[in-house]
Structures are given as structure tokens and as C-alpha cells.
Amino acid sequence: MHTEHIPTRAGEFTATFSERGLASLDFPRANSARNGTNGNSTRPASVARWVRLTRSALDDVLDGREPRELPPFDLAAGTDFQRSVWRELLKIRSGSTRSYGELAARLRKPGAARAVGAACGANPVPVLVPCHRVLAANGRLGGFSGGLDWKKRLLSAEGVVPRGA
DNA sequence: ACTGGGTAAACAG
DNA sequence: CTGTTTACCCAGT
């Protein structure tokens, strides 16, 4: 697993890549200790390319644009259900939203709204797998593992204003 | 605005 | 297996 730091307008994200692709993405640390560069001297060409893809896709989403191309993801860590939720998230276009219940219905699991929320919370690749586009059925924010401020910020970049904010 | 019950999934023990 | 915890939802007060 290669760990890479990805600078953006919004701070430095931390990404980890497996042989298969982007496996996790973390929001900039509040303390953002500029820890020495990643210790990995050997960086396969594939990873170098994935880093570029990740950075430009991040820049796009942070500015409210639809990314032209996404890096490949390695979501093997999730359960079948979680992966099905994450796949569904990728279908939500920039600027549009769904409710947890709508997602559940779309997965043919009506009543699993709460489970969908839990799966969103377990999303290892926030921002690029756009869990921030899922709101509660009443139009309010719901939660966000990276902190609600990030959810608001990402939605705001896409021109979405949830109820009560 | 608040409460309670229903629900699916992950996890600890 | 049972109990606990969720980024939920809806129908009643």
C-alpha cells in the first residue's frame, strides 16, 4: 500500500493505493503536520498516474465540477452490501442529491435506509465516491463522517443548499 | 417540535 | 446467538 499526500485548494488529502487502485482517502488533518514525504521510494507508474487522476478529480469536485475521469478504486474491504451502496453513490451526478431511503429503494431493499447510512459512513473514499450527496428524507443534512462542515462545503460547491442551512 | 416503534446491517462477545 | 449501535423514516401526538 502506497501512501500519498495530495495537495488541493482545500488542504492536503491523504490517499492510499493498493495494486488495484485508490483504497482510501482522508480529509486534511486539522493539524496537518507536514510529515516528511511518503517513505515509499518505489512508486509504480500506475500509482503515479492514479495520483494525478485523484488530484484532478478532487480539484474538480471541490470546485463543483463533474470529474472527467476517476482513478480506479479498490473497494475490496467492504461487504457486498456496502459495495452495492458505494456503486450506487457513483451514479449521483454533481449537483443532485438522494435520500438514504431512496438509495435503499433503488437497491431493492426498502426499509434499509438506516443501513444505507451506515454504509455511507463506512465509505473509504469520500468526495470521489460522493456520499455527501445523500441527505435525510426531510431535506436536512444527515451526518458525515468527515464532519458536517465538509458536507456543507462540498454541497455548496455544487450549488445545493440543504434545509436549515 | 418531540417521541416511539419499525427497520436492515455491522460488530462485539 | 443476543445485544448494541448506527450518517434513517414515518406516523402519531
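All heavy atoms count here, side chains included; hydrogens, waters and symmetry mates do not. Just so it is clear: chains get the letters A, B, ... in the order the sequence lines come, proteins before strands, and each one is counted from 1.
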Review point. How about Thr3(A) and Thr16(A): does a side-chain donor come under 3.5 Å of a side-chain acceptor?
Key: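 No - no donor-acceptor pair under 3.5 Å links their side chains.
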
Point to revise | Polar side chain donor-acceptor pair, Ser18(A) to Asp74(A), under 3.5 angstrom | key: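 A donor-acceptor contact under 3.5 Å links the two side chains.
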
Review point. Quick check: are there more than 12 heavy atoms from other residues, nucleotides or ligands sitting under 6.0 Å from CZ of Arg106(A)?
Key: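 No.
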
Exercise for review: Please indicate whether Arg93(A) has more than 12 foreign heavy atoms, meaning atoms of other residues, nucleotides or ligands, lying under 6.0 Å from its CZ.
Suggested key: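 At most 12 heavy atoms, drawn from other residues, nucleotides or ligands, come within 6.0 Å of this atom.
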
Exercise for review: May I ask you to say whether Glu4(A) pairs ionically with Arg43(A), meaning some side-chain N is under 4.0 Å from a carboxylate O?
Suggested key: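 Arg43(A) and Glu4(A): salt-bridged.
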
Point to revise | Pairing of Asp63(A) and Arg9(A) as salt bridge, 4.0 angstrom limit | key: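 Yes, charged N to carboxylate O under 4.0 Å.
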
Exercise for review: Return one dot-bracket line describing DNA chain C 5' to 3' (Watson-Crick or G-U wobble pairs, both distances under 3.5 Å; ( ) same strand, [ ] crossing, | another strand, . none).
Suggested key: ||||||.||||||

Review point. On a whole-Å scale, what distance lies between the P atoms belonging to dG6(B) and dA7(C)?
Key: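 Per the computed distance, 22 Å lies between those P atoms.
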
Exercise for review: Check the pair Phe13(A) / Leu58(A) against side chain to side chain contact (heavy atoms under 4.5 Å, CB included), numbers first and verdict last.
Suggested key: CA-CA 9 Å; Phe13(A) 285 73; Leu58(A) 268 180; 3.9 Å; yes

Got a list of side-chain donor-acceptor pairs under 3.5 Å for residues 45-56 of chain A, not counting sequence neighbours?
{"unit_1": "Arg49(A)", "atom_1": "NH2", "unit_2": "Glu69(A)", "atom_2": "OE2", "d": "3.0"}
{"unit_1": "Thr54(A)", "atom_1": "OG1", "unit_2": "Trp50(A)", "atom_2": "O", "d": "2.7"}

Check your understanding: By a strict heavy-atom criterion of less than 4.0 Å, which residues belonging to residues 77-92 of chain A are in contact with DNA chain B?
Key ->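 Under 4.0 Å from DNA chain B: Thr79(A), Phe81(A), Gln82(A).
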
Review point. Which is it for Arg29(A) and Glu12(A) under the salt bridge (charged side-chain N to carboxylate O under 4.0 Å, His left out) test, yes or no, and what are the steps along the way?
Key: CA-CA 8 Å; Arg29(A) 293 223 139 20; Glu12(A) 191 177 73; over 6 Å; no

**Study point:** side-chain hydrogen bond (donor to acceptor under 3.5 Å, both in side chains) pairs, two or more places apart, involving residues 142-161 of chain A
**Key:**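 Matches after skipping sequence neighbours: Tyr100(A)-Lys151(A), His132(A)-Glu158(A), Arg133(A)-Glu158(A).
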
Point to revise | Nucleic acid footprint by protein, nucleotides 6-13 of chain C - heavy-atom cut-off 4.0 Å, B for base, S for sugar-phosphate alone | key: BBBSS---

Exercise for review: Name the first nucleotide and the last nucleotide along DNA chain B (5' to 3') that come under 4.0 Å of a heavy atom in chain A.
Suggested key: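 Under 4.0 Å from chain A, the extent on DNA chain B is dG6(B) to dA10(B).
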
Practice item. Look at the side-chain heavy atoms of Ile, Leu, Val, Met, Phe, Trp and Tyr, link any pair under 4.5 Å apart, and say whether Leu90(A) and Val125(A) land in one connected group. Key: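 Linked, Leu90(A) and Val125(A) end up in one cluster.
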
**Study point:** Worked verdict on Leu70(A) versus Leu22(A) for side chain to side chain contact (heavy atoms under 4.5 Å, CB included)
**Key:** CA-CA 10 Å; Leu70(A) 294 171; Leu22(A) 177 62; over 6 Å; no

